[in-house]
Participant: 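Okay, handing you the structure first.
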Amino acid sequence: MPQLKYEQIADHLRARITEGEFGPGDLLPSGRELAEQFGVSRATVIKAMDVLRSDGAVVARQGAGFTVVETPVARPAGRRSSHDRVTEGRPYKRLGTPTTEVPPQRVAEAMQLPDGVGALRRARLVLLDDGDPFTLVVAWFPLEIAHVCPRLGMKGPIAEGTTNYVARCTGRSPAKGVDVHTVRLATKEEAELLKLSQPAAVAVALHTAYDRDGRALVCEEGVTSGDLWELTDGYTMGASS
């Protein structure tokens, strides 16, 4: 299915932001410039900017237009109730430099990786509003994806979000998500990063996103203190329930 014009504009700007042409706080081209460049109406450009705002990639500055966000946001691992990263996202900090490692067994099984096969590991610490740790998320990407998405192997954040970045580079988008929730004790490293006194119970969300062919795009393991973890689910109930 061919892209709509506003999607083309959004992807064009995502690429320029991710590749570093526009950095945090930089002003993007005006609506008039983009409308002329793509041969569309200003309304179409505004729709593209709305998409980027939902991605958490840009913010509106009164009287100035749109600028790249100063502080990107990320979501905890687990169920995605919407595509709006701004609503569900929180500030975060990237931990270390991405590395290629053999993932834990439960991650490898979720990703359908043979024994001993490595994956790209990226870690982030999602924060509460006061800056304290909220959840530790370790994301694993198949090497076939990492090879065509070089930014995944770099230390800095990806303002458009890894889901959009991977989809843009590979043409593969999430079609199905599987979440497994468990409870265990925190490891020493997890307790230190989450500022917990051991022994400490943590809730673990293992989230795997698959494309329409059933191939794993990413597997994220989110670890949250038992004092902070909460799951709310809303659903319809019939008379016979």
Side-chain angles (χ1 to χ4, degrees), residues 1 3 7 10-11 14-15 17-20 55-57 72-83 85 88-89 92-126 135-182 184 187 189-190 193 202-224:
M1 180 178 178
Q3 277 190 316
E7 294 173 327
D11 273 359
R14 282 194 191 106
I17 292 169
T18 295
E19 298 307 319
D55 288 347
V73 295
R75 291 181 285 190
R79 184 177 180 85
R80 301 288 192 251
S81 60
S82 76
H83 297 293
R85 293 174 66 230
E88 297 186 353
Y92 71 101
K93 59 182 179 181
R94 181 67 55 197
L95 300 176
T97 300
T99 56
T100 298
E101 303 177 21
V102 175
Q105 183 177 355
R106 66 195 303 254
V107 173
E109 290 175 353
M111 297 175 70
Q112 303 164 354
L113 294 179
D115 291 344
V117 173
L120 182 70
R121 180 186 186 274
R122 286 171 60 92
R124 65 182 184 268
L125 189 63
V126 183
T135 183
L136 170 65
V137 181
V138 177
W140 298 88
F141 295 87
L143 293 181
E144 65 186 66
I145 287 179
H147 289 158
V148 295
C149 302
R151 289 278 168 179
L152 292 176
M154 299 181 185
K155 185 175 180 179
I158 298 175
E160 66 179 287
T162 56
T163 299
N164 282 323
Y165 176 58
V166 168
R168 187 165 53 76
C169 291
T170 67
R172 294 166 57 186
S173 298
K176 176 185 177 182
V178 176
D179 295 347
V180 180
H181 297 277
T182 54
R184 59 170 170 80
T187 65
E189 180 184 10
E190 291 166 349
L193 289 170
V202 290
V204 181
L206 189 72
H207 165 77
T208 311
Y210 301 93
D211 65 16
R212 63 182 180 181
D213 295 322
R215 297 175 295 171
L217 297 171
V218 63
C219 183
E220 293 186 335
E221 185 174 51
V223 179
T224 308

Participant: Kindly give the heavy-atom pair with the smallest separation between P142 and A216, and that separation in Å.
Facilitator: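 Closest heavy-atom pair between P142 and A216: CG-O, 3.4 Å.
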Participant: Distance from R168 atom CZ to S173 atom OG, nearest 0.5 Å?
Facilitator: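 Going from the CZ atom of R168 to the OG atom of S173 covers 12.0 Å.
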Participant: Tell me, please, which residues at least two apart from T99 pass side-chain hydrogen bond (donor to acceptor under 3.5 Å, both in side chains).
Facilitator: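 T99 satisfies side-chain hydrogen bond (donor to acceptor under 3.5 Å, both in side chains) with E101 once adjacent residues are dropped.
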Participant: L193 and side chain to side chain contact (heavy atoms under 4.5 Å, CB included): which single residue from L136, T135, V223 fits?
Facilitator: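 One option only clears the test, and that one is L136.
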Participant: With heavy-atom distances below 4.5 Å as the criterion, would you say the side chains of V166 and F141 are in contact?
Facilitator: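 They are in contact (side-chain heavy atoms under 4.5 Å apart), so the answer is yes.
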Participant: Working to the nearest 0.5 Å, report the span between CZ of R124 and CG of L95.
Facilitator: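 One gets 10.0 Å once the value is rounded to the nearest 0.5 Å.
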Participant: Hey, are the side chains of T187 and V202 touching, using non-hydrogen atoms and a 4.5 Å cut-off?
Facilitator: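 T187 does not reach V202 side chain to side chain.
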Participant: Under a 4.5 Å cut-off applied to non-hydrogen side-chain atoms, are T182 and L206 in contact?
Facilitator: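 Contact flag for T182/L206 side chains = no.
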Participant: Between R212 and R172 (side chain of the first, backbone of the second, donor and acceptor by atom type, cut-off under 3.5 Å), is there such a pair?
Facilitator: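 Pair absent, no side-chain N/O of R212 close to backbone of R172.
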Participant: Do T163 and P174 have side-chain heavy atoms sitting under 4.5 Å apart?
Facilitator: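 Result yes, sub-4.5 Å side-chain heavy-atom pair found.
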Participant: Can a donor-acceptor pair be found, under 3.5 Å and without considering hydrogens, that links the side chain of D211 to the backbone of D213?
Facilitator: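 Checked: pair present.
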Participant: I want to check something: taking the side chain as every heavy atom from C-beta on, are V218 and T162 in contact at a cut-off of under 4.5 Å?
Facilitator: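 When only atoms from C-beta onward are counted, T162 and V218 do not touch, as no gap falls below 4.5 Å.
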Participant: Look only at the side chain of R151 and the backbone of T18, and say whether a donor-acceptor pair between them is shorter than 3.5 Å.
Facilitator: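 At least one qualifying donor-acceptor pair exists.
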Participant: Please report the closest heavy-atom contact between V178 and K176, naming both atoms and the distance.
Facilitator: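 Between these two residues, the closest heavy atoms are CG2-CE, 3.8 Å.
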Participant: With a sphere of 6.0 Å drawn around CD of Q105, does it hold more than 12 non-hydrogen atoms of other residues, nucleotides or ligands?
Facilitator: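 Not more than 12 within 6.0 Å, no.
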Participant: Please tabulate, for the side chains in residues 110-119, all donor-acceptor contacts under 3.5 angstrom to protein atoms that are two or more places apart in sequence or on a different chain.
Facilitator:
none

Participant: Between OH of Y210 and CG of L217, what distance do you get to the nearest 0.5 Å?
Facilitator: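 These two atoms lie 10.0 Å from each other.
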Participant: If every non-hydrogen atom of L152 is compared with every non-hydrogen atom of A146, which pair is closest and at what distance?
Facilitator: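 It is CD1-CA, 4.3 Å.
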Participant: When you compare the side chain of R94 with that of M154, does any pair of heavy atoms fall below 4.5 Å?
Facilitator: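 The answer is no, as the side chains (C-beta and beyond) never meet within the 4.5 Å cut-off.
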